[in-house]
K.L.:
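Starting off with a structure, shown below.
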Amino acid sequence: MAIKQLTETIINQIAAGEVIERPASVVKELVENAIDAGATRIDIVTAGGGKNLIRITDNGSGIPSDELALAVSRHCTSKLTDNVHDIQALGFRGEALPSIGSISRLSLKSRTADADSGFEIAVNGGRMDGPRPTGMNGGTIVEVRDLFFSTPARLKFMKTDRAEATAISDVVKRTAIAFPHIRFSINGSDRTPLEMAATGVGSEGMLERISQVLGKEFPENAIGIDAMRDGVRLTGFAGIPAFNRANSLHQFAYVNGRPVRDKQIWGAIRGAYADVMSRDRHPVAVLFLNLDPELVDVNVHPAKADVRFRDPGLVRGLIVGAIRQALGQSGIRAATTGAEAMLQSFRPGGVEPRSATQTWDNGNIHSSNQNYSTQQSPFRPFETVPVAASDGHGLAEAVQEFLYDGAHALSADARASTSSPAPELLSMPLGAARAQVHANYIVAQTDDSLVIVDQHAAHERLVYEALKNALHSRPLPAQMLLIPEIVDLPEDDVGRLVAHAETLQRFGLGIESFGPGAIAVRETPSMLGEIDTQQLIRDLADEIAEHDTSDGLKAILDHVAATMACHGSVRAGRRLKPDEMNALLRQMEATPGSGTCNHGRPTYIELKLTDIERLFGRR
Ligand code: ADP
Ligand code: MG
């Protein structure tokens, strides 16, 4: 075949293949155009998940009638001067409108402030028609019908209307977060309407917009971030660990105001939370990076979702450092959603029949944390509040038991509860321990609240922090076993464990190989107390196998510490003496990050006296 120049329409369709993957990509491009045009109001209507219709109306600058034809022509843009690195607008490639016009029936109506009327131009599968006058107010209306009608192969890849409609909402929300001063609405027969009012500017307006997108409980469960390093500024909000999700869809990142989905940024967020969240849970975070446009390339991909930083290490360090610091400062804060859920369960008459997911099987927490991934509620804290113990008793009953049967049930162990607590204890953040119920929950009292601590989760966190400290200072004391314990293991596992024997010794775990298929354990860490050595060694072997090749030594150490902490924690079921309970509370107060366990679940919940009074109708 002879060589021929491709037709304009084919070129545009090829470009569309890169820029327009699904209806949501059209919405992204059109919304970005409206933002670039200075709109303060953007209204979106869709039908058939955007496959049948997408209409976007804005009140921006509009397009002069004599430029309408250029707007839908390839490589025509009003946004780029002669420096491709100095990009201020969201668009700059001049590709979106011609691409969309080549694969759909596109209509572009626009009116500038000084024009007597509006003008409309249509593009039908690449063929231009117009411009001709049309009646309209100032701004631009872009209508896209029958998307992909000229490329049926693409159409086959579309998901259900519902899924495409959701993807459109996600794109709009993602973009809206960066532009709180713009009012957005989405309507259509294929969806539930969404309306985001314009909010103020500054970090308060930002937080308000984020709440519109992520829910009103976000502000109470997030910590503000503002950090700067070598000319790169990071602002935004990091969710506290207990406020976690089952997927990473609730992580939003913006580079110079542009929404991006960048693997390096995701990786940095994950790294920042590695210590405080189980691997199958995901933090909620909204991060804005601002830097000299010269230091970042946004033109890596036609859809502009990826970016390339000149110094990726700097950006990663900034994100990890700033989030960790924020989490550290937030100290022992637990998720408010936990207390909320507790209020719900206490509320008279409002107690729902308890479902299986609401029960809390103690067996789950130390064996593996994967058990939680199948639960349905968006926030973990709702389920982890121990609404019902495994014997079917609810928390409410437990507290009642404590109040009514308490008097005679109080053994020597808990006699402290009968006398009034020392005032200096009451003024501590976690208060004075009054009782232990269901062998795992410490009920404590402060000046103005009731605190319930999950002793297993709390202790696990404390042990973990101590183990990590031990790495940097003295090795942990070890306890010699009278008879070495022999653990049979596959040869690979034996090899890997022995390779890390020296490190494990720092933690107080003395092991050596015992023939090719076994490990002899001679010493265990004293602070762990009595442990199931067999299980600990097997879990450690699994952890090391999983992280040996992929992560560095630091990551392995963290995982080893977490595994050990899990084994050494005060198991649910151990009775604690009043002194032990109070000691645990004081230790929690002194330990950064003790508000959540290593898996990101809350270690305690607090019920304010005012809330209790409200429950009784006193307020
Ligand atoms: P780009 O956004 O990369 O410049 P597009 O193909 O998306 O390319 O748009 C081409 C041009 O059309 C833009 O540069 C802009 O001048 C104009 N334009 C598109 N949409 C709008 C709008 N909603 N309001 C005003 N001008 C617009
Ligand atoms: Mg554009």
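When reading the values below, keep in mind they use all heavy atoms of this one structure, side chains included, and skip hydrogens, waters and symmetry mates. The first residue of the sequence shown is numbered 1, and numbering continues consecutively from there. All figures in this text were calculated on a predicted structure; none of them were measured in a lab. Read the numbers this way: they start at 1 and go in the same order the structure lists the ligands and their atoms.
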K.L.:
Regarding ligand 1, does Val142 bring an N or O atom to under 3.5 Å of one of the ligand's N or O atoms?
P.N.:
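Between Val142 and ligand 1, no N or O pair is found under 3.5 Å apart.
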K.L.:
Tell me if a side-chain donor or acceptor on Ser248 pairs with a main-chain N or O of Gln251 at a distance below 3.5 Å.
P.N.:
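Judged by distance alone, no pair lies under 3.5 Å.
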K.L.:
Strictly distance-based, threshold 3.5 Å: is any side-chain N or O of Thr199 a donor or acceptor partner for the main-chain N or O of Gly205?
P.N.:
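Confirmed, Thr199 side chain pairs with Gly205 backbone.
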K.L.:
For Asp226, is there an ion pair with Arg233 - N to carboxylate O distance below 4.0 angstrom?
P.N.:
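A salt bridge is present here (some side-chain N lies under 4.0 Å from a carboxylate O).
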K.L.:
Pick one of side chain, backbone, both or neither for how Thr140 approaches ligand 1, counting any non-hydrogen atom pair under 4.0 Å.
P.N.:
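The part of Thr140 near ligand 1 is the side chain, not the backbone.
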K.L.:
Lys109: what forms a salt bridge (charged side-chain N to carboxylate O under 4.0 Å, His left out) with it, not counting sequence neighbours?
P.N.:
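Here no residue qualifies.
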K.L.:
For atom 27 (C) of ligand 1, which candidate among Ile63, Thr112, Leu68 provides the closest heavy atom?
P.N.:
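Among Ile63, Thr112, Leu68, the closest heavy atom to atom 27 (C) of ligand 1 comes from Ile63.
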K.L.:
Within a distance under 4.0 Å of any heavy atom of Thr77, pick out the atoms of ligand 1 and give their elements.
P.N.:
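Going through ligand 1 atom by atom, the ones under 4.0 Å from Thr77 are 1 (P), 4 (O), 14 (O).
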K.L.:
Using atom types as modelled and distance alone, determine if a side-chain donor or acceptor of Ser110 lies under 3.5 Å from a backbone N or O of Ser65.
P.N.:
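No, because the side chain of Ser110 does not come within donor-acceptor range (under 3.5 Å) of the backbone of Ser65.
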K.L.:
Taking Arg145 for the side chain and Leu53 for the main chain, is one N or O donor matched with an acceptor at less than 3.5 Å?
P.N.:
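No; zero donor-acceptor contacts below 3.5 Å.
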K.L.:
Does an N or O from Ala96, backbone or side chain, lie closer than 3.5 Å to an N or O of ligand 1?
P.N.:
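In this structure, Ala96 places an N or O atom under 3.5 Å from an N or O of ligand 1.
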K.L.:
Is the contact between Glu95 and ligand 1 made by the side chain, the backbone, both, or neither, using heavy atoms and a 4.0 Å cut-off?
P.N.:
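Looking at Glu95 and ligand 1, just backbone atoms fall under 4.0 Å.
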K.L.:
Does Asn33, backbone or side chain, put an N or O under 3.5 Å from an N or O of ligand 1?
P.N.:
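Yes, at least one N or O pair falls under 3.5 Å.
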K.L.:
Is the contact between Ser78 and ligand 1 made by the side chain, the backbone, both, or neither, using heavy atoms and a 4.0 Å cut-off?
P.N.:
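The answer is both.
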K.L.:
Ligand 1 and Asp58, any nitrogen or oxygen pair closer than 3.5 angstrom?
P.N.:
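Among all N and O atoms of Asp58, at least one is under 3.5 Å from an N or O of ligand 1.
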K.L.:
Mind checking whether Arg245 and Leu249 have side chains closer than 4.5 Å, heavy atoms only?
P.N.:
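No; the side chains remain at least 4.5 Å from each other.
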K.L.:
So, do Val123 and Asp129 sit near enough that their side-chain heavy atoms are less than 4.5 Å apart?
P.N.:
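They are not in contact (no side-chain heavy atoms under 4.5 Å apart), so the answer is no.
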K.L.:
Report yes or no: does Asn33 have an N/O/S atom closer than 2.8 Å to the Mg ion (ligand 2)?
P.N.:
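For Asn33, the answer is yes, given that an N, O or S atom comes within less than 2.8 Å of the Mg ion (ligand 2).
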K.L.:
For Glu120, check salt bridge (charged side-chain N to carboxylate O under 4.0 Å, His left out) against everything at least two apart and list the hits.
P.N.:
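Checked Glu120 against salt bridge (charged side-chain N to carboxylate O under 4.0 Å, His left out); zero matches.
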K.L.:
Is it the case that ligand 1 has an N or O less than 3.5 angstrom from some N or O of Asp36?
P.N.:
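No, since none of the N or O atoms of Asp36 sits under 3.5 Å from an N or O of ligand 1.
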K.L.:
Which ligand 1 atoms are under 4.0 Å away from a heavy-atom of Ala37?
P.N.:
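Going through ligand 1 atom by atom, the ones under 4.0 Å from Ala37 are 24 (N), 25 (C).
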K.L.:
Select one of side chain, backbone, both or neither to describe which atoms of Pro98 lie under 4.0 Å from any atom of ligand 1, heavy atoms only.
P.N.:
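For Pro98, the contact with ligand 1 is made by the side chain alone.
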